[in-house]
There are 2 protein chains.
Amino acid sequence: MKVSALEEYGLRCMLRLGRVSEGESLTIHEIAEQEGLSVANVRKLMMILREGGLVQSVRGRLGGYALSEPASTITLGRIMESLAGRMYDPEFCGKHSGDVTICVNSGACSVRSLWGVLDGLVGGVLHRIRLSDLIGDEGKVSFSLRKHLEATIDQLLGQPAPRPHSLPVING
Amino acid sequence: MKVSALEEYGLRCMLRLGRVSEGESLTIHEIAEQEGLSVANVRKLMMILREGGLVQSVRGRLGGYALSEPASTITLGRIMESLAGRMYDPEFCGKHSGDVTICVNSGACSVRSLWGVLDGLVGGVLHRIRLSDLIGDEGKVSFSLRKHLEATIDQLLGQPAPRPHSLPVING
DNA sequence: CAAATACTTTACTTTTTCGTATACATTCTG
DNA sequence: CAGAATGTATACGAAAAAGTAAAGTATTTG
């Protein structure tokens with residue numbers, strides 16, 4: 001449950017592209033220099049982002065990369081899933097249960113339900129943060145994150161699930 | 001940001017130990033068989049958990065492993081940190097910024113503040129879930145998780161608004 | 001058309017993580 | 001004490017992730 005290099009650098013590349021004016025683009029070399037990464041590494045990152053439909057490329061003399069949509073419609077959830085997939089692969093149990101075919105915890109797999117909750121929590125936050133929310137100074141970003149966090153929590157707790165008491169105070 | 005094998009299996013071993021009566025213990029072979037893991041692998045997992053102070057061992061003929069505390073006082077946060085460390089290592093910027101010494105985003109590192117929020121969110125949840133909360137059938141577990149989720153969110157949103165200069169100037 | 005520039009694709013090397021094997025130390029049983 | 005069962009510690013090999021390198025394709029410019 002660590003942030004991988006792909007996620008860290010891939011997101012930063014997206015931010016670089018989000019900071020240029022609409023219609024503008026950046027070359028691999030420009031991104032690499034700005035982020036202090038190797039050209040070869042940025043090349044690989046951009047390929048992954050392109051396969052995820054997040055960026056568009058133009059070849060040739062005046063080529064480069066640009067976001068495939070405005071930064072205000074791209075969520076961090078989409079970016080992170082392109083770069084690293086979901087936090088918890090539902091097939092994990094089947095694949096990693098050792099030499100038994102079915103999950104040894106199949107009856108009551110508390111662990112799986114835990115991962116599910118965490119995945120939903122993180123995913124809920126990430127899918128509500130737009131790339132444009134991360135472009136700006138750090139103070140404003142935190143404020144924006146806070147707003148989205150509230151929205152996420154609102155939805156998670158607002159579901160008609162077994163709840164012992166009423167909603168918590170949101171604007172504490 | 002994926003769940004690692006160490007986390008998955010280590011947590012399951014802890015659950016096995018949490019299910020036996022107080023004063024009882026399990027051998028490496030017993031845990032391995034119950035979880036469908038190799039004996040060698042469980043051996044390693046238990047060593048890590050032991051270094052983290054989460055389990056106690058007894059050597060010799062009637063030896064085995066047991067929780068070092070009641071399952072009701074051990075939080076998942078402690079378990080996960082022992083097994084894999086924090087989600088986002090604060091030194092990440094310094095170590096992985098490529099060939100530049102200081103973080104290229106030092107001025108306004110939105111990315112770091114994002115990881116900080118996610119880390120706090122996940123950590124907040126994990127530190128409020130006790131090992132005993134995961135012992136039982138899946139329905140009850142979800143209910144328990146939900147309660148802790150509410151508590152976490154309550155605290156996160158109850159904090160005063162983020163200060164604009166709350167994060168140290170990095171590297172730095 | 002030819003050269004320069006930039007993206008595309010594939011393969012390779014390095015590093016880290018994961019899993020296993022082996023030799024050793026400790027403790028109980030008889 | 002001898003032997004068997006158990007944890008301890010270290011080292012080794014396989015697998016995955018991360019990063020690099022090189023040859024190929026497309027487009028613009030002169």
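Chain naming here is simple, since letters A, B, ... match the order of the sequence lines and numbering starts at 1 in each. Only this structure's heavy atoms are used, side chains among them; waters, hydrogens and symmetry mates stay out.
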Q: Consider the side chain of A40(A), meaning its heavy atoms from C-beta on, and name the nucleotide among dA21(D), dG19(D), dC18(C) that approaches it most closely.
A: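 Selected nucleotide: dA21(D).
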Q: Just the atom pairs and distances: protein N or O near nucleotides 12-14 of chain D's N or O, under 3.5 Å.
A:
none

Q: Could you tell me the separation between the CG atom of L49(A) and the C1' atom of dT8(C), rounded to a whole number of Å?
A: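 Result: 15 Å.
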Q: Any salt bridge (charged side-chain N to carboxylate O under 4.0 Å, His left out) involving residues 45-58 of chain A? Give me the pairs, sequence neighbours left out, ordered by first then second residue.
A: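 Salt bridge (charged side-chain N to carboxylate O under 4.0 Å, His left out) check on residues 45-58 of chain A returns no pairs.
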Q: Could you check whether E24(A) and S21(A), counting side-chain N and O atoms only, form a donor-acceptor pair closer than 3.5 Å?
A: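 Absent: no donor and acceptor within the cut-off.
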Q: Taking only side-chain nitrogens and oxygens of S38(B), does any of them come within less than 4.0 Å of OP1 or OP2 of dT20(C)?
A: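 Yes.
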Q: Could you tell me the separation between the CG atom of L83(B) and the P atom of dT17(C), rounded to a whole number of Å?
A: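 Checked: the CG to P distance equals 14 Å.
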Q: List the atom of L83(B), the atom of L11(B), and the distance in Å for their closest heavy-atom pair.
A: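 The answer is CD1-N, 3.8 Å.
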Q: Nearest whole angstrom, please: distance from the C1' of dA18(D) to the CD1 of I48(A).
A: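 About 10 Å, once rounded to whole Å.
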Q: Which pair of heavy atoms, one from M87(A) and one from M1(A), lies closest together, and at what distance?
A: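 What the structure gives for the nearest pair is CE-SD, 4.0 Å.
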Q: Provide a list of protein-nucleic acid N or O atom pairs under 3.5 angstrom, restricted to nucleotides 5-8 of chain D.
A:
| residue | atom | partner | partner atom | Å |
| --- | --- | --- | --- | --- |
| dT6(D) | O4' | G60(B) | O | 3.2 |
| dG7(D) | OP1 | I28(B) | N | 3.3 |
| dG7(D) | O3' | S57(B) | OG | 3.4 |
| dT8(D) | OP1 | R50(B) | NE | 3.0 |
| dT8(D) | OP1 | S57(B) | OG | 2.7 |
| dT8(D) | OP2 | Y65(B) | OH | 2.5 |
| dT8(D) | O4' | R59(B) | NH1 | 2.8 |

Q: Show me, pair by pair, the donor-acceptor contacts under 3.5 angstrom made by side chains of residues 56-68 of chain A, not counting sequence neighbours?
A:
| residue | atom | partner | partner atom | Å |
| --- | --- | --- | --- | --- |
| S68(A) | OG | G53(A) | O | 2.7 |
| S68(A) | OG | L54(A) | O | 3.0 |

Q: For L17(A) and dC7(C), give me the distance from atom CG to atom P, rounded to whole Å.
A: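 Value for this atom pair: 11 Å.
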Q: Taking CG from N41(A) and P from dT13(C), how many angstroms apart are they, rounded to a whole number?
A: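 In whole Å, dT13(C) P lies 18 Å from N41(A) CG.
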Q: Quick one: side-chain contact (heavy atoms from CB on, under 4.5 Å) partners of L26(A), sequence neighbours excluded?
A: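 L26(A) satisfies side-chain contact (heavy atoms from CB on, under 4.5 Å) with R16(A), L17(A), V20(A), E30(A), I31(A), Q34(A) once adjacent residues are dropped.
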Q: With a 3.5 Å cut-off and sequence neighbours excluded, list the donor-acceptor pairs that the side chains of residues 69-77 of chain B form with protein atoms.
A:
| residue | atom | partner | partner atom | Å |
| --- | --- | --- | --- | --- |
| E69(B) | OE1 | T73(B) | OG1 | 2.8 |
| E69(B) | OE1 | R78(B) | NH1 | 3.4 |
| E69(B) | OE2 | R78(B) | NH1 | 3.3 |
| E69(B) | OE2 | R78(B) | NH2 | 2.9 |
| T73(B) | OG1 | P70(B) | O | 3.1 |
| T75(B) | OG1 | R78(B) | N | 3.3 |

Q: Using the side chain to side chain donor-acceptor pair (under 3.5 Å) rule, collect all pairs that involve residues 38-48 of chain A, keeping only residues at least two apart or in two chains.
A: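 For residues 38-48 of chain A, and leaving out neighbouring residues, there are no side chain to side chain donor-acceptor pair (under 3.5 Å) pairs at all.
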